[in-house]
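Here's the structure we're looking at; comments come further down.
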2 protein chains.
Amino acid sequence: MKKVKRTTIYDIADKLGITASSVSRALNNSSQVNEKTKELIIKTADELNYKRNILASNLRKGQSKTIGVVVPRINQNFFSNVIAGIEETTYQKGYNLIICQSGEDHDKEIQCVNTLINQHVDCIVISVSADSYDYQHLQNVIDHGIQLIQFDRVAEELETLKVINDNVQASFEAVSHLIEGGYKRIALLEGPQNLNIFKQRKEGYLKAFKMYNVPVIDELIVENAWTKELGAEGTRKLLSLPNPPDAIFASTSDFSALGVLDVANAMGIKVPSELGICGYANESFSEITSPSITTIDQFSVYMGNTIANLFFQEIGNTDTTAKPKIISIKPELIIRGSTKRNK
Amino acid sequence: MKKVKRTTIYDIADKLGITASSVSRALNNSSQVNEKTKELIIKTADELNYKRNILASNLRKGQSKTIGVVVPRINQNFFSNVIAGIEETTYQKGYNLIICQSGEDHDKEIQCVNTLINQHVDCIVISVSADSYDYQHLQNVIDHGIQLIQFDRVAEELETLKVINDNVQASFEAVSHLIEGGYKRIALLEGPQNLNIFKQRKEGYLKAFKMYNVPVIDELIVENAWTKELGAEGTRKLLSLPNPPDAIFASTSDFSALGVLDVANAMGIKVPSELGICGYANESFSEITSPSITTIDQFSVYMGNTIANLFFQEIGNTDTTAKPKIISIKPELIIRGSTKRNK
DNA sequence: CTGAAAGCGCTTACAG
DNA sequence: CTGAAAGCGCTTACAG
């Protein structure tokens, strides 16, 4: 690739016999420049195929018009949807997105965050990885004066802007739905409890039991069952109990629920009549399994939009004493075949 | 958010009573600086919580260490996987990714590309949108001396680096598989023919017919059936023909194949015995429909890795006379329930 | 309305 | 091994 000399504002100024100041002003559509010359400058810029050097502009202005995003995995439905949502609304405002994946690894997450601080991004949007145990790197973001927005998986103790799902309420509704459907022994597949979202989903599960005055059975709660494989493994254990469950709430994800369904199918257990199944996240496949899986929709693209809008709102905000905002999005229970039994 | 004054190399230099030059050298691990002072500088930088301003550094060096990616949609399995792959390998080399979505819209695509040129990215990776009819904006990238890499959906006439799938071969194998399975009237759901990938998939379809000496039946080729809905619509038409097909190759995507399956199920047509179905792209759901859908895996994450590696290889390449490389990845036919019939 | 000048925070060729 | 100086391409307060 040969090196190309790019057109600068000086080239334009030289050609027109004026100074770079005027060119800069014209190109920024400043009002304090003659309309005629402005037109001429813009025309000439176009002819010379001029593109502003944003690096220089941002360096001078002390901003980057860039937002950094850190997620565990880009290619996971929920996250790619949130990113799509963020991109959708930031793009219109001339902001760019730098995307990093932490790969559910604490050290890589720290690395990602540092990279973004180096890049002088204006804002960092993050959903923390599953094995994050310490949030010094996030505090570091704040100390650098960079806006920090946490979403979905958040470190609650940090006072930052947050966009979250009401996981307690969603789980509560899901389990209530199961109880009302006549299921008596409802098991829970739970995720790593250091992640707030999984803790909250368990809370919602317990809340429903309390509400309906149903006793909680400890042996029906399976830890760390948050992949398809682990979900399947947990299910096998549950179904081999002397007193097996008649419903399973895979609170971690639809992937986990899919593991449940696979095992049930393999063991010849009928869903939903003998076993009810509820997942989480409304992955595209949950609609097309047989039976289709009851799940919870998190409005992920909308969540992305919300995050972006929150950022733009905060830029304008000069009141530094205000408490950081927390926006909670109410997810929606989607009832499908896996829990619809004819009583 | 309060404005924070960041530490610069001058702050470090002042504190140590040396010049910024030495600080810069030390921080860049230059060999021409005293080991002792280097250590001291690094230690001090750390104490002052110094983060290099990459904007300034890149401006000075005339590079951005940033790669722009333009895809129709971020939240589509294939694309999010490719992006994940690119990120995986570029991240290690200290490069960042700026992601844009064209939304299958030619004008937005042009906008995205211009934004990336403005950002002075070192490379633009693009998969063109379905309604792109003109490639002036891509030529523009080249004219700006920015490395251009096209992938999957490419404008063939442009001489650029390309990473593609061997669509012809993959389709050929899929259709051959159907023919060998005893299917006689094999329909094709095709995508917009202005996209090279869909043209090639049709080519592979036709090639298989020729190879096995089977006549092509025009009424079994359905145009523009590249979503689930359009796939379903096309299938309804096909199945209501006086002489309907006994297999359908949904060459556009598994979504389209899913539409076929839905219609077949709704009409009580048995898959695979009465109707064989083959999709494209190995979407996660294709494995869990019933029956599971035969499809083609494109190794999308690997494709992303390949793109990144190609870029790094080209940076080092000074031979400007060499023809731009085209890397073709051979997809793999994955045979599943929807085409496995007991003859 | 226009220009001259300084500066954003780095890097690097040149001198010593 | 270290420093002084110029420059990457912009923007903007200051003067006129």
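Reminder, nothing fancy here: chain letters follow the sequence lines and each chain counts from 1. As a basis for the values below, the full set of heavy atoms in this structure was taken, side chains included, without hydrogen atoms, waters or symmetry mates.
Under the rule for a ring pair (Phe, Tyr, Trp, His ring centres under 6.0 Å), the partners of H137(A) that lie at least two apart in sequence or sit in another chain are H106(A). Among residues two or more places apart in sequence or in another chain, the ring pair (Phe, Tyr, Trp, His ring centres under 6.0 Å) test is passed with Y95(B) by F311(B), F312(B).
Residue-level contact check: S24(B) touches the bases, meaning some heavy atom is under 4.0 Å from a base atom. Residue I18(A) is classed as a sugar-phosphate contact, given heavy-atom separations below 4.0 Å to backbone atoms only. If you check every strand for non-hydrogen atoms under 4.0 Å, N58(A) touches nothing.
Residue side chain Y10(A) does not reach the base of dC8(D) through any donor-acceptor N/O pair under 3.5 Å, judged by distance alone.
Going from atom CD of Q119(B) over to atom P of dC10(D) covers 13 Å, rounded to whole Å. The separation between Y50(B) atom OH and dG9(C) atom P is 10 Å, rounded to whole Å. The CZ atom of R6(B) sits 21 Å away from the P atom of dG7(C) (whole-angstrom rounding). Atom CG in L55(B) sits about 22 Å away from atom P in dG7(D), given to the nearest Å. Separating the CG atom of N53(B) from the P atom of dC10(D) is a distance of 17 Å, rounded to the nearest angstrom. Following rounding to the nearest Å, I12(B) (CD1) and dC10(C) (P) show an atom-to-atom distance of 8 Å. When the P atom of dC10(C) is taken as reference, atom CG of D11(B) falls 9 Å away, rounded to whole Å. Rounded to whole Å, the distance from NZ on K61(A) to C1' on dC8(C) is 12 Å.
Judged purely by distance below 3.5 Å, without hydrogens or angles, the side chains of D122(B) and Q147(B) never pair a donor atom with an acceptor atom. Checking N309(B) against Q313(B) by side-chain atom types alone, no donor-acceptor pair falls below 3.5 Å. Between N140(A) and N49(B), the side chains place a donor N or O and an acceptor N or O closer than 3.5 Å (distance only, hydrogens not considered).
The two residues A13(A) and A20(A) come nearest to each other via the heavy atoms CB-N, 3.7 Å.
At the phosphate of dG9(C), neither OP1 nor OP2 sits under 4.0 Å from any side-chain N or O atom of T8(B). For dC10(C), neither phosphate oxygen OP1 nor OP2 lies less than 4.0 angstrom from any side-chain nitrogen or oxygen of S57(B).
As the counterpart of dA13(D), no nucleotide is assigned, since no Watson-Crick or G-U wobble pattern has both distances under 3.5 Å.
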What nitrogen or oxygen pairs link the protein and nucleotides 13-15 of chain D at under 3.5 Å?
{"from": "dA13(D)", "atom 1": "N6", "to": "R25(A)", "atom 2": "NH2", "distance (Å)": "2.9"}

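You'll find that the side chain of T37(B) is closest to dT2(D), out of dT2(D), dA4(D), dG9(D).
K43(B) and E39(B) are not joined by a salt bridge, as no carboxylate oxygen comes within less than 4.0 angstrom of a charged side-chain nitrogen.
In this structure, L27(A) and L59(B) both approach DNA chain D, and ranking their closest nucleotides by distance from the 5' end singles out L59(B).
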